[in-house]
Amino acid sequence: MYDAAIVGSGPAGLSAAMNLHLHNKNFIWFGTEGMSAKVVRSEKIANYPGMGLISGDKLNKKFSAHAKEMGLSVTSKMVTNIMAAGESFTLLAENDIYEAGSLILAIGAATGRGITGETELLGRGVSYCATCDGFLYKGKTIAVLCMSKAYEHEAEYLAGMTEKVFLYTPYKDSGIDLGNVTRLGSPIKAVYGKMRVEEIELVSGEHIPVDGLFCLRDSVAPAVLLPGLAMDGPHIMVDRDCATNLPGCFAAGDCTGRPYQIAKAVGEGNVAAHSLLDYLAGN
């Protein structure tokens, strides 16, 4: 079992990982090797102390270089479910299970409102993990919401075992060109079903019968990721120590609310790590 698990490799997750490393804790850090796509998309950053006027891409590269200099490594697996079990946490990341005595959520701000019916049908035809649940849909018809080109390999994996895939991507330069994949020209608005997923509805009003819906995104909504987590609207509720309502669970960065600033995220990552250290020490 790990002392701690950190979910998220943006500025808050990096700050937390650095501090736990400096205190010689045994932890696992989930995220992407590219660190923060949000930081990269920032054209100019003027309010991060000591960096002057810097592009998001250059700052993200500095974050990555600093992590490598410290010997930190990111586990590039998407965490799709976390369960609080007594004095530890069980994390499901793709097909693997991990256990940690404490947890820091640095998963960023939720983007978009999600799909109507998504949460209600989670585990009953709605899935966030292609490799975990894809085998359940061999020879069937599914819909796939692919929010980033980084997940196109998962969409292709699903197409390789299903009869038909209705695919929607919010970007136009998709590299998927398979005979059983139909591109949707309208976003997916809702998913319906009584006991299991039965159909999707598009923003255009069209209804399409499907056996399942795969939502391939950068992260899972906090309340879905960790049941029982107290929320304030779309944000995780924390106190000044970055502690959530669940003992041993801390949160930092954009997921805790405004301002959505890199400096704030780095500071909260530091606070969360030190609060976690106190928790592990029994203070």
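Take Glu201 and apply the side chain to side chain donor-acceptor pair (under 3.5 Å) test, not counting sequence neighbours, and it matches Tyr192.
In this structure a side-chain-to-backbone donor-acceptor pair under 3.5 Å is missing from Thr256 to Ala252. In this structure, the side chain of Arg196 does not engage the main chain of Leu121 through any donor-acceptor pair within 3.5 Å. Although no hydrogens or angles enter the test, the distance criterion places a donor-acceptor pair under 3.5 Å between the side chain of Asn180 and the main chain of Thr162. With hydrogens and angles disregarded, a donor-acceptor distance shorter than 3.5 Å links the side chain of Ser148 to the backbone of Ala150. Not one N or O on the side chain of Asp254 forms a donor-acceptor pair closer than 3.5 Å with the backbone of Ala106. Counting only distance, with no hydrogens or angles, the side chain of Ser102 and the backbone of Asp3 share a donor-acceptor pair below 3.5 Å. In this structure, Ser9 contributes its side chain and Thr32 its backbone to a donor-acceptor pair below 3.5 Å. Ser15 places no side-chain N or O within donor-acceptor distance of the main-chain N or O of Ala12, the cut-off being under 3.5 Å. Distance alone, capped at 3.5 Å, places no donor-acceptor pair between the Asp241 side chain and the Ala243 backbone. A distance-only check finds no donor-acceptor pair linking the side chain of Asn81 to the backbone of Leu92 [under 3.5 Å].
Checking Glu154 against Thr131 by side-chain atom types alone, no donor-acceptor pair falls below 3.5 Å. Side chain to side chain, Asn270 and His274 meet the donor-acceptor criterion of an N or O pair below 3.5 Å. Under 3.5 Å, the side chains of Ser73 and Lys68 contain no donor-acceptor pair of N or O atoms. In this structure, a donor-acceptor pair under 3.5 Å is present between the side chains of Arg183 and Thr169. No hydrogens or angles considered: nothing links the side chains of Ser186 and Glu206 as a donor-acceptor pair under 3.5 Å.
Checked options Val210, Leu213, Val165, Leu136; the residue passing with Ile142 is Val165 (criterion: side chain to side chain contact (heavy atoms under 4.5 Å, CB included)). Between Leu184 and the choices Leu202, Val203, Leu167, the side chain to side chain contact (heavy atoms under 4.5 Å, CB included) rule is met once, by Leu202. For the salt bridge (charged side-chain N to carboxylate O under 4.0 Å, His left out) test with Glu118, the passing option among Arg124, Arg217, Lys189 is Arg217; the others fail.
Summarising the geometry, atom OH belonging to Tyr168 is positioned 9.0 Å from atom CD1 belonging to Ile188; distances are rounded to the nearest 0.5 Å.
Of all heavy-atom pairs spanning Gly34 and Asn60, the tightest one is O-ND2, 2.8 Å. Smallest separation of non-hydrogen atoms from Ser64 and Met35: CB-CG, 3.8 Å. Residue Asn95 comes nearest to Cys132 through the heavy atom pair OD1-CA, 3.2 Å, listed as atom of the first residue, atom of the second, then distance.
Within a 6.0 Å radius of CD in Glu120, more than 12 heavy atoms belonging to other residues, nucleotides or ligands are found. More than 12 non-hydrogen atoms from other residues, nucleotides or ligands lie less than 6.0 angstrom from CD of Glu99. Within a 6.0 Å radius of CG in Asp177, other residues, nucleotides and ligands contribute 12 heavy atoms or fewer. Counting non-hydrogen atoms of other residues, nucleotides and ligands closer than 6.0 Å to NZ of Lys164 gives a total above 12.
Geometrically, Lys149 does not engage Tyr151 in a cation-pi contact, judged by NZ or CZ lying under 6.0 Å from the ring centre and within 45° of the ring axis.
The existence of a salt bridge linking Glu198 and Lys194 is excluded, since no basic side-chain nitrogen approaches an acidic carboxylate oxygen closer than 4.0 Å.
The shortest distance between side-chain heavy atoms of Val220 and Met78 falls below 4.5 Å. Under the 4.5 Å side-chain criterion, counting only non-hydrogen atoms from C-beta, Lys62 is in contact with Met51.
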For Tyr98 and Phe89, what are the C-alpha separation, side-chain angles and deciding distance, and is it a ring pair (Phe, Tyr, Trp, His ring centres under 6.0 Å)? CA-CA 8 Å; Tyr98 302 84; Phe89 295 89; over 10 Å; no

